[in-house]
Amino acid sequence: MQSCLITFMLIERVDKFSRERRAGFRWLLIPITALICAVALNLFVLICAFVPSASMENTIRAGSLIVAFRLAYLNHEPARGDVVLFRQEELGSSFIVKRIIGLPGEIFEIRDGSVYINGEQALLEEPYAVGEMTDDFGPLEIPAEHYIVLGDNRSASHDSRYWQNPFVERRQIKAKAEWILWPSPQKIR
């Protein structure tokens, strides 16, 4: 009888220890699951990026934190006016944020401060653009799967006009910028 009681007490203690371990594991499971979800979102769905320069002002102020959607171009190609995040080899490994202005197959030119597409002055509605473009650029025929990008702050942006290779390849575009998180949350237009 005494051995039965000792066995029962041992089983009780092991069971209590096992319940405590399971409860502890459940609490540990919550932050681990959250971490896995955050990493998966960052790798496959969203990009959070810091914008260090004033090249996209007044749309995105220097020092802003933005969110870009990686899946934006899953079913369609980038369009004129889209603000995109991309990497350009000659500029390093950081994400660059600019607005698409020239599309594949177009002949792009800047003359006397105006954008010309296929030889005609582009009547682009650009309420976001500030600053004057003083230098002429082009004409250049944009290859298939390539784009010309400019910063919204045209007088203070280091963009396609100044790069050795002025084109951004489609494969280099990683996401479409959607939201400014900080300092003042708002949708990017």
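Residues Pro52 and Phe50 approach most closely at CD-O, 3.3 Å, considering heavy atoms. Taking each heavy atom of Pro183 and Pro185 in turn, the nearest pair found is O-CD, 3.9 Å. The minimum heavy-atom distance between Ala68 and Ala175, with the atom names listed, is CB-CB, 3.5 Å. In this structure, Pro78 and Ile100 approach most closely via the heavy-atom pair CB-CD1, 3.3 Å.
Using cut-offs of 30° and 60° for the angle between ring planes, the Tyr162 and His158 rings count as parallel.
Here the side chains of Phe69 and Leu85 are not in contact, with every heavy-atom distance at 4.5 Å or above. Here the side chains of Val84 and Tyr147 are not in contact, with every heavy-atom distance at 4.5 Å or above. A heavy-atom distance below 4.5 Å is not found between the side chains of Arg70 and Val45.
Leu74 and Ile173 are assigned to two separate hydrophobic clusters, defined by single-linkage of ILVMFWY side chains at heavy-atom distances under 4.5 Å. Taken together through direct or relayed side-chain contacts under 4.5 Å among Ile, Leu, Val, Met, Phe, Trp and Tyr, Tyr73 and Val168 form part of one hydrophobic cluster. Phe86 and Leu71 are assigned to two separate hydrophobic clusters, defined by single-linkage of ILVMFWY side chains at heavy-atom distances under 4.5 Å.
Arg171 pairs by the side chain to side chain donor-acceptor pair (under 3.5 Å) definition with Glu169, not counting sequence neighbours. For Leu140, the side-chain contact (heavy atoms from CB on, under 4.5 Å) partners at least two apart in sequence or on another chain are Phe137, Pro166, Phe167. Not a single side chain to side chain donor-acceptor pair (under 3.5 Å) links Arg87 to another residue, sequence neighbours left out. Taking Ile188 as the reference, Thr59, Ile60, Ile66, Val83, Ala177, Ile180 meet the side-chain contact (heavy atoms from CB on, under 4.5 Å) condition, with sequence neighbours excluded. Residues that satisfy the side-chain contact (heavy atoms from CB on, under 4.5 Å) test with Lys174, not counting sequence neighbours, are Ile47, Phe95. For Arg61, the side chain to side chain donor-acceptor pair (under 3.5 Å) test picks out no residue, with sequence neighbours left out. Listed by chain and residue number, Leu46, Cys48, Trp179, Leu181 satisfy the side-chain contact (heavy atoms from CB on, under 4.5 Å) test with Val67 (two or more places apart in sequence, or in another chain). Scored by the side chain to side chain donor-acceptor pair (under 3.5 Å) test, Arg161 finds Asp159 as partners (sequence neighbours excluded).
The SG atom of Cys37 lies 12.0 Å from the CD1 atom of Ile32; values are rounded to the nearest 0.5 Å. Interatomic distance, Met133 CE to Asp136 CG, rounded to the nearest 0.5 Å: 10.0 Å. With rounding to the nearest 0.5 angstrom, the CG atom of Leu150 is 7.5 Å from the CD1 atom of Ile148. Note that the CG atom of Asp135 and the OG atom of Ser155 stand 11.0 Å from one another [nearest 0.5 Å]. Note that CG of Asn165 is 5.5 Å distant from CD of Gln88, once rounded to the nearest 0.5 Å. In this structure, the separation between OG on Ser157 and CE on Met56 is 8.0 Å, given to the nearest 0.5 Å.
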Less than 3.5 Å apart, which donor and acceptor atoms pair up between the side chains of residues 114-125 and the rest of the protein, not counting sequence neighbours?
from: Ser114; atom 1: OG; to: Gln121; atom 2: NE2; distance (Å): 3.1
from: Asn118; atom 1: OD1; to: Ile107; atom 2: N; distance (Å): 2.9

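Residue Trp182 places its CH2 atom among 12 or fewer non-hydrogen atoms of other residues, nucleotides or ligands, all under 6.0 Å distant.
The pair Arg170-Glu77 counts as a salt bridge, with a side-chain nitrogen and a carboxylate oxygen less than 4.0 angstrom apart.
For residues 139-153, the pairs satisfying salt bridge (charged side-chain N to carboxylate O under 4.0 Å, His left out) are Arg99-Asp152, with sequence neighbours left out. Sorted by first and then second residue, the salt bridge (charged side-chain N to carboxylate O under 4.0 Å, His left out) pairs with a member in residues 176-186 read Asp82-Lys176, Glu178-Lys187; sequence neighbours excluded. Applying the side-chain hydrogen bond (donor to acceptor under 3.5 Å, both in side chains) test to pairs two or more places apart or on separate chains, those with a residue in residues 100-110 are Arg80-Glu106, Glu109-Arg111.
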**OP:** Quick one: do Arg154 and Glu126 satisfy side chain to side chain contact (heavy atoms under 4.5 Å, CB included)? Show the steps, please.
**Re:** CA-CA 11 Å; Arg154 301 288 164 82; Glu126 295 186 296; 2.7 Å; yes
